[in-house]
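Okay, structure first, notes after.
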Amino acid sequence: MLTLRVVAVLYLMSALWCVFALELAANALGFNVSTDAARAEFFAVYGGLQIGLAIVMGVGSFVSRYYLGCLFAATVVSISLFVARCLGLIFYPEALESNTIIVMAVLELGIAVALLRALKRAQVIGVSERI
């Protein structure tokens with residue numbers, strides 16, 4: 001449950017950065033948010049989506065009957081993000097010049113591995129049988 005809580009906190013911190021320092025966060029990721037439409041979209045997708053993921057993971061880490069499902073969903077999302085980021089770096093190799101993108105890929109890999117290990121532990125100890 002600790003792994004899911006830590007990932008929830010990471011998502012919440014990232015969401016808050018995207019909400020309260022939108023232009024800084026967008027620029028660090030290579031986005032040009034020069035219009036209100038672009039700012040609104042970045043706010044919703046990067047801020048809102050990450051807040052939602054943080055809430056789901058956070059609640060799932062405290063409510064035992066949700067734990068395994070939330071852990072599974074978080075693992076799938078994290079692996080998908082990592083794979084998509086890697087494909088993006090392959091398709092758009094100039095992105096490799098961005099330290100932020102590289103840091104994000106490493107962080108997403110770490111999160112995916114941690115969640116996979118937590119999912120394996122949960123299944124080994126029979127969490128699903130107790131819920």
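Numbers for residues simply follow the sequence, beginning at 1.
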Once side chain to side chain donor-acceptor pair (under 3.5 Å) is applied, do any residues pair with S61, and if so which ones, sequence neighbours excluded?
R5

Is the shortest heavy-atom distance from the side chain of W17 to the side chain of L24 under 4.5 Å?
yes

Do V6 and M1 belong together in a cluster built from hydrophobic side chains that touch within less than 4.5 Å?
yes

Kindly compute the distance separating CG (N32) from CG (N27), expressed to the nearest 0.5 Å.
7.5 Å

Which pairs would a plain distance check flag for residues 35-50, meaning a side-chain donor or acceptor within less than 3.5 Å of a matching protein atom at least two apart in sequence or in another chain?
| residue | atom | partner | partner atom | Å |
| --- | --- | --- | --- | --- |
| T35 | OG1 | A38 | N | 3.1 |
| D36 | OD1 | R39 | NE | 3.3 |
| D36 | OD1 | R39 | NH2 | 2.8 |
| R39 | NH1 | E23 | OE2 | 3.3 |
| R39 | NH1 | V33 | O | 2.6 |
| Q50 | OE1 | S14 | OG | 2.8 |
| Q50 | NE2 | S14 | OG | 3.3 |
| Q50 | NE2 | Y46 | O | 2.5 |

If we only count heavy atoms from C-beta on, is the L115 to L4 side-chain gap below 4.5 Å?
yes

L53 with Y67, same ILVMFWY side-chain cluster at under 4.5 Å
yes

What about L87 and L109, same hydrophobic cluster or not, with Ile/Leu/Val/Met/Phe/Trp/Tyr joined at side-chain heavy-atom distances under 4.5 Å?
no

Flag side-chain contact, heavy atom, 4.5 Å: Y11 against V77:
yes

Give the cluster check for L2 versus F62: same hydrophobic cluster or not, with ILVMFWY residues linked at side-chain heavy-atom distances below 4.5 Å.
no

Between A28 and S98 the two heavy atoms that sit nearest each other are O-OG, 4.1 Å

Taken to the nearest 0.5 Å, the spacing of L16 CG from I51 CD1 works out to 6.0 Å

For residues R85 and L81, determine if any side-chain heavy atom of one lies less than 4.5 Å from a side-chain heavy atom of the other.
no

For a 4.5 angstrom cut-off between non-hydrogen side-chain atoms, does L119 reach L68?
yes

In terms of heavy-atom contacts, A8 and A54 come closest through O-CB, 3.4 Å

Walk me through it: do K120 and L116 pass the test side-chain contact (heavy atoms from CB on, under 4.5 Å)?
CA-CA 6 Å; K120 177 103 172 129; L116 275 169; over 6 Å; no

Straight-line distance of M104 CE to L89 CG, nearest 0.5 Å
11.5 Å

hydrophobic_cluster_shared for V9 and V63, side chain cutoff 4.5 Å:
no

Least distance between heavy atoms, S78 atom then A112 atom
CB-CA, 4.0 Å

Would a 4.5 Å heavy-atom cut-off, applied to side chains only, mark L71 and T3 as touching?
no

